[in-house]
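Step one of this worksheet: look at the structure below.
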Amino acid sequence: MSDQFEAIVLGGGPGGYVCAIRLAQLGIKTACIEEEEYGGVCLNWGCIPSKALIANAHFYEKAQRMAAHGIEIGGVKVDPPKMQEWKDGIVKKLTSGVRSLLKSGGTTIIEGRGKLVAKNTIEVTEKSGGKRRVTASKAIVIATGSATIQVPGFEFDGQTVIGAREAVSLRKIPGHLLVVGGGVIGLELGMVYQAFGAKLTVVELTSGLLPGIDTDCVKVVEKNITKHGGQILKSARAESIEKKPGGGAKVSVSSGGKTEVIECDQVLVAVGMKPRSRGIGLEDVGVNVDARGFVPTNERCETNVPGIYAIGDVSGTPMLAHKASKEGEVAAEVIAGHHGAKDWVTVPGIVFTDPEIATVGLTLDQAKERGLNAKAGRFPFSVLGRAMSIAETDGFVKVVTDTDSGRVVGIHIVGPSASDLISEAALALEMVATAEDIAMTIHPHPTLGEALMEAAAASIGQAIHVANR
Ligand SMILES: Cc1cc2nc3c(=O)[nH]c(=O)nc-3n(C[C@H](O)[C@H](O)[C@H](O)COP(=O)(O)OP(=O)(O)OC[C@H]3O[C@@H](n4cnc5c(N)ncnc54)[C@H](O)[C@@H]3O)c2cc1C
């Protein structure tokens with residue numbers, strides 16, 4: 001097999017594999033190196049597996065309350081091993097799909113761990129242990145993603161103390177799950193097991209859950225956790241853990257000068273992800289890595305070393321699959337000599353809690369901090385016919401508008417299908433839409449999208465189905 005390519009992509013996650021496919025489409029002779037499984041964190045143990053479990057948790061939760069709607073579903077039970085089989089089937093379908101897309105598009109698949117040994121050369125340690133060197137005449141793209149951060153004293157043991165990777169593969173529902181970290185991953189996975197009957201305790205170091213997200217949206221999720229018996233400890237630190245011989249643990253948690261010991265069955269540590277930029281030869285060939293481990297790039301995804309690009313989680317926040325994929329496409333276009341730039345207005349973000357939160361652009365506070373004369377219009381799902389008919393009435397849509405220009409600068413949704421509704425919101429921001437544009441667009445009835453139309457109208461005092469304030 002030839003070891004000479006025009007471009008080599010290191011890492012086959014949603015950044016790397018998309019970049020490799022696009023490069024091959026653009027006629028560039030490309031190889032993509034992956035040490036684990038194509039699809040990266042996203043397909044193997046991140047976005048997709050977690051969302052499959054979240055969807056199941058939602059079915060289960062809904063089935064239990066259907067009697068009030070006149071539908072009796074008797075004997076609803078959770079079968080964790082079967083659920084895992086089903087989830088693994090989805091993962092397999094998607095990861096093998098990525099492999100065949102790469103192959104059929106003409107990308108050479110190289111399995112093994114890659115390390116830069118020169119500006120245009122990667123040494124690959126193959127799964128067999130053998131070594132091979134591959135060179136790129138045009139470009140090397142670093143797409144090595146990110147890895148889970150561990151907390152000293154709470155190192156993963158795969159049984160009692162686990163990370164997200166293990167949490168998406170549990171074959172038994174824990175009686176009591178203690179989650180260290182009230183961010184996106186901790187809350188998403190914590191709420192899955194809460195829905196399946198686990199007692200949930202969330203220990204968060206800062207004074208609020210989901211930092212950076214509209215606080216009114218966060219309150220709705222918080223209320224749902226506590227409504228179902230969950231405990232949220234804010235400004236609290238998980239200090240130490242004592243594992244019990246027969247399984248389970250006692251976790252010492254300090255807050256406000258006091259320490260309490262919480263007994264639980266499993267501890268999920270979810271304090272974030274760190275870029276995988278170490279040990280791959282970046283510094284040896286002169287690529288800058290910042291203090292947090294990210295590889296800085298310009299709007300063309302170029303690092304400081306000509307011919308070396310970086311995309312996805314390893315190149316900076318937000319650490320999201322869709323941001324990684326878009327950067328993959330930008331890098332491919334640039335390498336092929338086309339116009340390509342990271343010139344998007346905003347990157348939507350979603351938290352797949354119950355209910356879901358989805359946001360784009362600025363919160364009201366952020367807009368005001370930037371000196372905008374901003375106003376928020378809000379429409380609750382509790383008064384929307386469609387939301388009532390699907391029995392999902394928690395939450396609202398909030399549209400933040402700059403009243404001087406009429407431009408929408410942020411949209412924040414907490415509620416049913418927020419993850420789907422946000423695409424219209426993202427398009428609105430990209431197209432520099434005004435609140436009037438959204439309000440005047442006919443939204444079909446009865447749909448959840450009407451809430452977005454009404455919230456936009458509310459931000460300019462024109463809502464019909466809610467009082468304008
Ligand atoms: C539990 C969880 C849920 C998530 N849910 C969502 C979600 O709902 N939506 C969303 O947008 N994002 C979500 N994310 C984040 C998302 O998974 C990442 O942003 C995304 O996977 C980043 O893509 P990437 O290509 O940059 O890196 P990765 O997906 O991390 O892929 C990098 C790949 O490079 C390989 N690699 C690394 N080093 C080497 C090397 N030296 N040689 C060869 N191969 C190497 C790795 O094995 C890996 O396959 C979630 C993450 C987690 C952990």
Side-chain angles (χ1 to χ4, degrees), residues 8-20 31-55 87 95 98-99 109-117 122-127 134 140-149 162-169 179 181 183-190 192 268-282 294-295 297 301 309-329 331 347-353 356-358 419 422:
I8 301 173
V9 182
L10 184 61
Y17 85 73
V18 167
C19 184
C32 184
I33 306 172
E34 171 57 52
E35 68 171 327
E36 288 197 47
E37 185 50 85
Y38 287 88
V41 170
C42 172
L43 297 193
N44 289 288
W45 56 274
C47 321
I48 297 298
S50 63
K51 266 81 253 182
L53 298 181
I54 288 164
K87 179 222 61 181
T95 53
V98 167
R99 267 175 187 270
I109 282 179
I110 299 178
E111 291 179 85
R113 180 170 173 72
K115 183 179 176 189
L116 281 154
V117 288
I122 292 182
E123 183 176 81
V124 183
T125 307
E126 291 174 313
K127 287 186 178 164
V134 284
I140 284 180
V141 182
I142 307 301
T144 46
S146 60
T148 313
I149 297 175
I162 57 173
R165 195 171 188 140
E166 294 80 23
V168 295
S169 296
V179 178
V184 178
I185 294 172
L187 292 194
E188 286 187 359
L189 293 173
V192 164
L268 165 61
V269 179
V271 296
M273 304 287 286
K274 60 175 182 206
R276 289 181 68 177
S277 54
R278 305 281 171 214
I280 53 170
L282 289 173
F294 290 114
V295 180
T297 58
C301 300
Y309 298 71
I311 59 170
D313 283 7
V314 76
S315 74
T317 56
M319 287 177 158
L320 292 169
H322 42 280
K323 175 257 188 191
S325 298
K326 265 283 166 265
E327 287 181 345
E329 288 183 61
V347 180
I350 299 167
V351 192
F352 288 83
T353 40
E356 295 174 352
I357 299 176
S419 55
I422 204 67

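Heavy atoms only: backbone and side chains are in, while hydrogens, waters and symmetry mates are out. Counting starts at 1 for both ligands and their atoms, in listed order.
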For atom 38 (N) of ligand 1, what is the closest protein heavy atom, and at what distance to 0.1 Å?
Thr144 CG2, 3.3 Å

Nearest protein heavy atom to atom 34 (O) of ligand 1, by residue and atom, and its distance?
Gly11 CA, 3.3 Å

Any N or O of Met319 that comes nearer than 3.5 Å to an N or O of ligand 1?
yes

Leu53, Ile48, Val192 screened by side-chain contact (heavy atoms from CB on, under 4.5 Å) with Val168, the one that passes
Leu53

Numbering the atoms of ligand 1 from 1, which are under 4.0 Å from a heavy atom of Phe352?
8 (O)

Under 4.0 Å from any heavy atom of Leu10, which atoms of ligand 1 are there?
42 (N), 43 (C)

Determine whether the side chain, the backbone, both or neither of Lys323 has a heavy atom under 4.0 Å from any heavy atom of ligand 1.
neither

Taking the side chain from Lys323 and the backbone from Gly316, do they hold a donor-acceptor pair closer than 3.5 Å?
yes

Determine, using heavy atoms of Gly112 and all atoms of ligand 1, whether some pair is separated by less than 4.0 Å.
yes

Are Lys51 and Glu356 close enough for a salt bridge, meaning some N to O gap below 4.0 Å?
no

Is any side-chain heavy atom of Cys19 less than 4.5 Å from a side-chain heavy atom of Tyr309?
no

Which bit of Ser50 gets closer than 4.0 Å to ligand 1, counting heavy atoms only: side chain, backbone, both or neither?
side chain

Please check if the side chain of Tyr38 supplies one atom and the backbone of Cys32 the other of a donor-acceptor pair under 3.5 Å.
yes

May I ask you to check whether Gly15 has an N/O atom sitting below 3.5 Å from an N/O atom of ligand 1?
yes

Element-labelled atoms of ligand 1 that are located less than 4.0 Å from some non-hydrogen atom of Lys51:
5 (N), 6 (C), 7 (C), 8 (O)

Looking only at protein heavy atoms, what sits closest to atom 52 (C) of ligand 1 is Ile185 CD1, 3.5 Å

Any heavy atom of Lys115 under 4.0 Å from ligand 1? The part involved is neither

Please answer whether the main-chain N or O of Lys115 pairs with a side-chain N or O of Glu123 as donor and acceptor at a distance below 3.5 Å.
no

Could you tell me whether the side chain of Glu329 reaches within less than 4.5 Å of the side chain of Val18, counting heavy atoms only?
yes

Picking from Val134, Val9, Thr144, Ile140, what satisfies side-chain contact (heavy atoms from CB on, under 4.5 Å) with Ile33?
Val134

Contact atoms of ligand 1, heavy-atom distance to Gly40 under 4.0 Å:
29 (O), 31 (O), 48 (C), 49 (O)

Here the pair of heavy atoms bringing Thr297 nearest to Ala310 is CG2-O, 3.5 Å

Backbone or side chain, does any N or O of Glu34 fall under 3.5 Å from an N or O of ligand 1?
yes

For ligand 1, which is the ligand I care about here, please tell me if Leu320 has any N or O atom under 3.5 Å from one of the ligand's N or O atoms.
yes

Audit row: Ile142, Leu116, side chain to side chain contact (heavy atoms under 4.5 Å, CB included) steps and yes/no
CA-CA 10 Å; Ile142 307 301; Leu116 281 154; 3.8 Å; yes

A student checking ligand 1 against Arg276 at a 4.0 Å heavy-atom cut-off should list atoms 37 (C), 38 (N), 46 (C), 47 (O)

Return the residue, atom name and 0.1 Å-rounded distance of the protein heavy atom closest to atom 2 (C) of ligand 1.
Gly46 CA, 3.4 Å

In the structure I gave you, are the side-chain heavy atoms of Trp45 and Glu37 within less than 4.5 Å of one another anywhere?
no

Tell me which part of Tyr38 gets within contact of ligand 1: side chain, backbone, both or neither, using heavy atoms under 4.0 Å.
neither

The protein heavy atom nearest to atom 29 (O) of ligand 1 is Val41 N, 2.9 Å

Side chain, backbone, both or neither: which part of Cys47 comes within less than 4.0 Å of ligand 1 when only heavy atoms are counted?
both

How close does the nearest protein non-hydrogen atom get to atom 31 (O) of ligand 1, and which residue and atom is it?
Gly13 CA, 3.4 Å

Interfacing atoms of ligand 1 (cut-off 4.0 Å, heavy-atom, Gly145)
26 (O), 27 (O), 28 (P), 30 (O), 32 (C)

Ignoring hydrogens and geometry, is there a side-chain-to-backbone donor-acceptor pair from Glu188 to Phe352 under 3.5 Å?
yes

Atoms of ligand 1 close to Ala143 [distance to a heavy atom under 4.0 angstrom, numbered from 1]
32 (C), 33 (C), 34 (O)

Selection from Gly312, Pro14, Pro49 by shortest heavy-atom distance to atom 23 (O) of ligand 1
Pro14

If we ignore hydrogens and angles and just use 3.5 Å, is the side chain of Ser315 paired with the main-chain N or O of Gly312 as donor and acceptor?
yes

Contact check: Glu35 vs ligand 1, nitrogen or oxygen atoms, below 3.5 angstrom
yes

For residues Ser50 and Leu189, report the shortest heavy-atom separation together with the two atoms involved.
CB-CD2, 3.9 Å

Hey, which atoms in ligand 1 end up nearer than 4.0 Å to a heavy atom of Ile280?
41 (N)

Would you indicate whether Lys87, at its atom NZ, is surrounded by more than 12 heavy atoms from other residues, nucleotides or ligands within a distance under 6.0 Å?
yes

Heavy atom under 4.0 Å from ligand 1: found in Asp313's side chain, backbone, both, or neither?
both

Heavy-atom pair of closest approach, residues Met273 and Ser146
CE-OG, 3.5 Å

So which of Gly114, Gly349, Ala321 gets nearest to atom 11 (O) of ligand 1, if we judge by its closest heavy atom?
Ala321

